[in-house]
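Please read the structure below before turning to the comments.
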Protein chains: 2
Amino acid sequence: MDKKKKIMAGSLLFSGIPDAQLDEVAAIAVDKTCRRGESIFFEGDEGTGFYMVVEGQVKIYKMSFDGKEQILHIFGPGEPFGEVPVFHGQPFPANAMALVNSSLLFFPRRQFVDLVTANPSLALNMLAMLSFRLRRFAAQIESLSLKEVPGRLAAYIVYLAEEQGATERVTLDIPKGQLASLLGTIPETLSRIFARMTEEGLIRVDGRTILIDDFERLREW
Amino acid sequence: MDKKKKIMAGSLLFSGIPDAQLDEVAAIAVDKTCRRGESIFFEGDEGTGFYMVVEGQVKIYKMSFDGKEQILHIFGPGEPFGEVPVFHGQPFPANAMALVNSSLLFFPRRQFVDLVTANPSLALNMLAMLSFRLRRFAAQIESLSLKEVPGRLAAYIVYLAEEQGATERVTLDIPKGQLASLLGTIPETLSRIFARMTEEGLIRVDGRTILIDDFERLREW
DNA sequence: CCTTTCCATTGACCTAGGTCAAAAATAATT
DNA sequence: AATTATTTTTGACCTAGGTCAATGGAAAGG
């Protein structure tokens with residue numbers, strides 16, 4: 001697959017960009033692959049550019065001094081990540097690691113900023129991208145601070161259901177341990193809550209498949 | 001004070017913008033004042049534009065169904081807020097309220113987007129602004145999820161100390177109840193932690209003044 | 001197929017911090 | 001100053017959920 005194809009495939013960042021400029025974007029993009037568990041960058045690293053997931057899955061996460069992890073985002077195909085240092089000129093604020101073998105594109109900072117400067121629709125797309133992130137972060141903070149773990153899990157299942165267009169059955173796209181970290185808890189607690197929700201007739205869990213028995217009650221949580 | 005002066009005063013968003021364009025920005029800005037406790041917008045409202053604090057203090061916050069509040073940001077002079085819907089075209093993700101009598105500028109969406117489109121440095125400044133926000137949100141999520149309340153308070157005091165350029169004595173810029181909400185806790189807990197930190201010889205608290213007795217230990221938390 | 005490793009679940013226990021209630025202190029208003 | 005309203009502090013209590021430890025399953029590598 002050539003870079004231009006990778007760039008266009010399902011990426012909101014480059015949607016509506018004139019074809020000529022897509023060529024310029026493709027010209028500065030650098031292919032990169034990484035295997036499951038491989039680190040892409042660390043918090044504090046200098047940000048020389050940002051990435052986009054072409055195929056695979058990448059987590060952005062923070063670690064506490066005593067080793068607990070909090071996942072900030074999980075990005076899939078078409079989603080860019082690591083843009084913050086590009087525009088703010090500071091080191092990466094978090095770590096990035098591939099959850100599965102992944103294929104990425106890397107965009108060098110300097111050259112990308114030049115493209116953004118010359119191309120208003122690219123700038124607006126990037127502004128929309130960052131705005132969307134801010135919205136998601138706000139929801140995550142609300143979730144962590146104002147909801148208890150069952151509420152956060154319920155919200156996540158509802159989110160998955162909407163994303164997968166099904167109110168009957170959803171599939172977890174990440175291991176349960178990672179889900180715990182995304183929800184700001186630990187695997188033991190998550191496991192207990194899955195069990196409790198099952199007892200209460202809300203869901204049934206089989207591996208990574210969740211059968212939703214009472215979507216409404218889940219949504220109202 | 002004329003609008004152009006208000007726009008320039010200490011605002012990172014408009015720094016380095018050619019004078020001619022500042023006039024254009026000033027031309028679309030609308031003056032607005034609001035008194036202490038007044039709501040500026042609510043979560044779910046359509047975003048017809050964004051604001052900048054000229055004077056005063058504004059909080060951006062979320063409410064839980066049972067009335068608990070989580071503050072996301074507190075913005076002071078020179079800081080813009082409410083930009084997310086401008087670029088993402090969705091309703092406001094949170095509520096905004098003036099903490100004290102405040103003077104604001106309002107920038108209508110459509111017209112501001114036109115300016116951004118025509119002016120690359122304005123676009124880059126806005127990108128830097130949003131990037132900075134993302135960084136702060138990441139820190140807040142880390143704080144909520146990976147630190148306990150004393151650690152969050154310590155981090156906040158250190159942050160204030162840096163902002164105020166003093167390691168001996170800082171002044172809280174908000175009431176303690178609001179600080180509790182910013183740190184994701186409640187006034188009772190915050191009060192107890194202030195008391196404990198005082199017992200342990202870290203700080204002394206007198207109203208909104210905090211004397212720092214052991215800056216290093218506070219920082220290492 | 002077997003072994004090793006990783007992941008998920010379950011139980012016993014404990015603590016950070018939230019809830020409820022009341023007093024004390026500070027600020028705002030008449 | 002006196003009154004009212006708002007913040008802050010303190011005490012008694014309780015629970016969500018984290019820690020530690022052990023076991024059961026599933027997946028990966030030989």
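Excluded from the calculations below are hydrogen atoms, water molecules and symmetry mates; all remaining heavy atoms, backbone and side chain alike, are included. Order of the sequence lines fixes the chain letters, A, B, ..., with proteins taken first and strands second; residue numbering starts at 1 for each chain.
As a whole-Å value, the separation of A:Ile186 CD1 from C:dC7 C1' is 14 Å. If you measure from atom CZ of B:Arg192 to atom P of C:dA24, you get 16 Å, rounded to the nearest angstrom. The distance between atom CG of B:Asp206 and atom C1' of C:dA25, rounded to the nearest whole Å, is 12 Å. Atom pair A:Arg208:CZ and C:dC7:P shows a separation of 10 Å (rounding to whole Å applied).
Closest to the side chain of B:Glu188, from the set C:dC20, C:dA8, C:dG11, is C:dC20.
The aromatic ring centroids of B:Phe112 and B:Phe50 lie less than 6.0 Å from each other.
Ranked by how close their nearest DNA chain D nucleotide is to the 5' end, A:Thr185 and B:Phe194 are led by B:Phe194. Mapping B:Ile193 and A:Pro175 onto DNA chain C by nearest heavy atom places A:Pro175 at the nucleotide closer to the 5' end.
Taking every nucleotide of DNA chain D with any atom under 4.0 Å from a non-hydrogen atom of chain B, the first and last of them, 5' to 3', are D:dT7 to D:dA12.
One finds a salt bridge joining A:Arg219 and A:Glu162 here, because a Lys/Arg side-chain nitrogen approaches an Asp/Glu carboxylate oxygen to under 4.0 Å. A:Glu43 and A:Lys62 are joined by a salt bridge, as a carboxylate oxygen and a charged side-chain nitrogen come within less than 4.0 angstrom of each other. Ion pairing of A:Asp31 with A:Lys6 is present here, as a side-chain N (NZ or NE/NH1/NH2) and a carboxylate O approach within less than 4.0 Å.
Residue B:Arg208 qualifies as enclosed at atom CZ: its count of foreign heavy atoms under 6.0 Å is above 12.
Side chains of A:Glu55 and A:Ser103: no donor on one and acceptor on the other come within 3.5 Å.
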